[in-house]
Amino acid sequence: ALNPYTQNDEFMKLAEQPEMRFVISNTTEAGIAFDPACKLTDTPASSYPGKLTQLLYHRFKTFNGDKSKGLIIFPCELIFLNGHKLKETIYQYIELWQLGDEFRAWFEEACGVYATLVDRIVPGFPHKDIAAIKEKIQYDDNLVVQAEIFHLWVIEAPQEVAEEFPADKAGLNVLFVPSEKPYHERKVTLLNGPHTVLSPVAYLSEVNIVRDACQHPIIGQYIHKVMFDELMETLNLPKNELKKFAEDVLERFNNPFVDHAVTSIMLNSFPKYQTRDLPGLKTYLKRKGELPKGLVLGLAAIITYYKGGTRADGTEIIPNDAPEIMQLLKDLWATGDTRKVAEGVLAVVVIVIVFASVLYKRTFTVHELALTGVMAALSLVAYLFFRVPFYGGSSFHLGNTFTALTALLLDGVSGGLAGAIGLALADILAGDPGYAVTTFILKFIIGITCGAVAHKVFKLRELDKHTPGYLAKVI
């Protein structure tokens with residue numbers, strides 16, 4: 001095992017081994033993310049995709065672009081189409097670091113990044129049994145992990161990859177399939193979804209093990225309600241098949257030989273809730289016309305868990321998540337107003353959803369991303385430091401100026417995002433998180449409208465900037 005932060009030279013030398021062929025990762029849902037602050041010269045880059053891009057580029061240079069030295073990459077992060085997401089993020093680093101068309105072509109043609117789904121409950125380090133395990137294997141191994149016997153690995157890859165990686169022929173439950181979607185949807189919704197919400201509910205109720213939570217007279221009913229009455233209602237597969245799968249999951253949760261601590265599930269709870277439970281919550285609301293109470297309670301428990309402090313039995317509550325999420329919850333709880341806490345969290349959730357859906361359909365260049373970010377920051381500064389308040393709570397500020405300017409310089413989506421992100425964050429920082437959702441939506445609409453008028457009606461992008469009427473149309 002190598003630590004890339006303390007053994008970066010040895011880590012990069014892995015790329016120099018000609019026999020190296022496969023890369024397998026699991027960095028949780030938060031791991032496959034683009035961090036524009038990463039540099040090619042970092043030792044290493046802070047993000048996993050950044051490290052992987054560094055490794056790939058070093059291999060490309062070491063073997064002079066030899067296409068027989070490409071790598072096959074299997075991400076196991078619990079993200080739908082995780083291979084597609086990882087590949088897109090690597091492309092972002094190729095552009096950010098200006099690694100060139102030759103390297104991009106080598107990555108596209110010589111390497112394969114394939115979507116996968118892993119289904120196995122892994123509680124982690126077996127503290128209770130480690131002494132006996134070390135005695136049995138006769139050496140100290142501090143990377144031991146405990147796992148259930150059941151396992152499934154679904155890989156969305158062509159037959160030639162299956163032939164090169166014949167794990168299924170080694171007695172392992174590995175499936176090579178045309179699409180991992182049906183396996184992903186069922187597993188994430190009925191196994192990971194309940195896991196994510198039962199953990200904070202159980203922990204705050206002084207129950208520490210998943211099995212004990214399932215057997216608890218009240219929490220057990222809660223888990224059953226979330227699985228069978230709420231999440232199962234959001235799936236489109238045959239009910240008998242879903243019921244059988246859910247019953248099997250409950251049996252796995254009740255495994256008497258696995259002490260699965262709920263705290264091990266609660267790492268990065270907010271990204272997990274977003275991918276595992278929020279889609280089901282939205283589908284349930286759409287189909288039933290009401291919020292699923294169990295899933296809402298789970299989110300409330302996550303928010304409460306992130307308050308920290310101590311449980312009734314004196315156990316210290318120590319949440320673990322991205323620094324910006326930890327800081328946001330700390331600031332919101334410091335207000336002492338639970339309504340502001342709830343509104344602040346939900347505001348951020350809505351911003352993330354809209355932002356992600358826009359990015360899914362819109363490809364940005366590095367220049368566009370940078371300009372949009374600068375304009376968002378200027379919108380925030382213009383609101384916080386150059387605002388004239390009026391009687392009744394309204395105010396005059398210059399934040400919208402940068403929304404419109406971005407729309408004119410780039411397009412409506414960029415302008416909308418600059419104003420929405422900058423001014424929604426301004427509301428949160430100014431102590432009015434409840435207004436952030438409305439601000440985000442309204443400013444996004446302003447940007448979209450301004451861009452549509454500028455580029456669809458006046459055809460601003462097509463005009464020669466030196467023509468007499470150009471300035472008038474911009475104004």
Side-chain angles (χ1 to χ4, degrees), residues 2-5 7-27 31-77 79 81-116 155-165 176 359-374 410-411 414:
L2 295 174
N3 183 340
Y5 292 95
Q7 299 169 287
N8 192 64
D9 289 343
E10 290 89 339
F11 168 69
M12 293 301 292
K13 285 180 182 177
L14 293 173
E16 300 172 10
Q17 299 180 13
E19 66 272 20
M20 186 66 66
R21 181 60 169 159
F22 296 97
V23 177
I24 302 170
S25 69
N26 192 349
T27 57
I32 300 182
F34 176 70
D35 181 359
C38 289
K39 298 181 178 64
L40 180 62
T41 54
D42 289 345
T43 56
S46 60
S47 73
Y48 163 62
K51 295 181 184 70
L52 181 55
T53 307
Q54 289 175 323
L55 197 74
L56 289 167
Y57 187 59
H58 186 57
R59 188 171 182 83
F60 167 76
K61 292 192 299 180
T62 298
F63 295 103
N64 298 312
D66 184 348
K67 291 183 180 178
S68 69
K69 296 299 187 293
L71 299 179
I72 293 175
I73 302 166
F74 295 140
C76 301
E77 289 78 3
I79 303 169
L81 297 179
N82 47 24
H84 300 64
K85 172 67 174 175
L86 178 57
K87 194 171 186 178
E88 290 171 3
T89 310
I90 291 172
Y91 281 137
Q92 287 180 285
Y93 280 112
I94 292 174
E95 184 172 352
L96 176 67
W97 295 340
Q98 299 179 349
L99 300 182
D101 293 337
E102 288 187 15
F103 172 64
R104 183 186 180 95
W106 177 83
F107 173 64
E108 289 178 352
E109 298 168 15
C111 300
V113 188
Y114 300 101
T116 82
I155 302 175
E156 185 179 297
Q159 186 58 35
E160 55 265 29
V161 175
E163 292 171 358
E164 190 172 354
F165 190 77
F176 289 90
L359 286 183
Y360 181 75
K361 298 180 180 179
R362 169 74 160 84
T363 301
F364 289 84
T365 65
V366 173
H367 173 262
E368 290 170 336
L369 278 172
L371 185 56
T372 303
V374 169
L410 297 177
D411 55 38
S414 302

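Summarising the local packing, CG of Asn3 is surrounded by more than 12 heavy atoms from other residues, nucleotides or ligands at distances under 6.0 Å. Atom CD of Glu160 has more than 12 neighbouring heavy atoms from other residues, nucleotides or ligands inside a 6.0 Å radius.
The side-chain contact (heavy atoms from CB on, under 4.5 Å) with Val23 is formed by just one residue from the set Ile72, Leu14, Leu52, Leu86; it is Leu52.
Under the 3.5 Å distance criterion, with hydrogens and angles disregarded, no donor-acceptor pair is assigned to the side chains of Lys51 and Tyr93.
When all heavy atoms of Pro49 and Thr89 are compared, the closest pair comes out as CB-CG2, 3.6 Å. Closest non-hydrogen pair, Gly31 versus Tyr48, comes out as O-CB, 4.0 Å. Smallest separation of non-hydrogen atoms from Tyr5 and Pro44: CD2-CD, 3.7 Å.
The CZ atom of Phe34 lies 12.0 Å from the CD1 atom of Ile90; values are rounded to the nearest 0.5 Å. Summarising the geometry, atom CD belonging to Gln7 is positioned 5.5 Å from atom CD belonging to Glu10; distances are rounded to the nearest 0.5 Å. A distance of 11.0 Å separates CG in Leu2 from CG in Asp9, rounded to the nearest 0.5 Å. The structure places CZ of Phe11 at 7.5 Å from CD of Gln54, a figure rounded to the nearest 0.5 Å. Remark: Lys13 NZ to His58 NE2 distance equals 9.0 Å, nearest 0.5 Å. With rounding to the nearest 0.5 Å, the separation of CD in Glu163 from CD in Gln159 is 5.0 Å.
Side chains of Pro75 and Ile32 form a contact here, defined as non-hydrogen atoms less than 4.5 Å apart. Contact of the Glu156 side chain with the Leu81 side chain is registered, since non-hydrogen atoms from C-beta on lie closer than 4.5 Å. Using a 4.5 Å heavy-atom threshold, the side chains of Thr43 and Met12 count as separate. Put simply, the side chain of Leu99 does not reach to within 4.5 Å of the side chain of Phe60, judged on heavy atoms.
Using a 4.0 Å cut-off between charged nitrogen and carboxylate oxygen, Glu164 and Arg21 count as a salt-bridge pair.
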| query | Can you list the steps and then say if Asn82 with Cys76 is a side chain to side chain contact (heavy atoms under 4.5 Å, CB included)? | reply | CA-CA 7 Å; Asn82 47 24; Cys76 301; 5.5 Å; no

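In terms of modelled atom types and a separation under 3.5 Å, the side chain of Arg59 and the main chain of Leu71 share no donor-acceptor contact.
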Solution key, residues 104-115 side-chain donor-acceptor pairs under 3.5 Å, sequence neighbours excluded:
from: Arg104; atom 1: NE; to: Glu108; atom 2: OE2; distance (Å): 3.4
from: Trp106; atom 1: NE1; to: Asp66; atom 2: O; distance (Å): 3.0
from: Glu108; atom 1: OE2; to: Tyr91; atom 2: OH; distance (Å): 3.3
from: Glu109; atom 1: OE1; to: Lys67; atom 2: NZ; distance (Å): 2.2

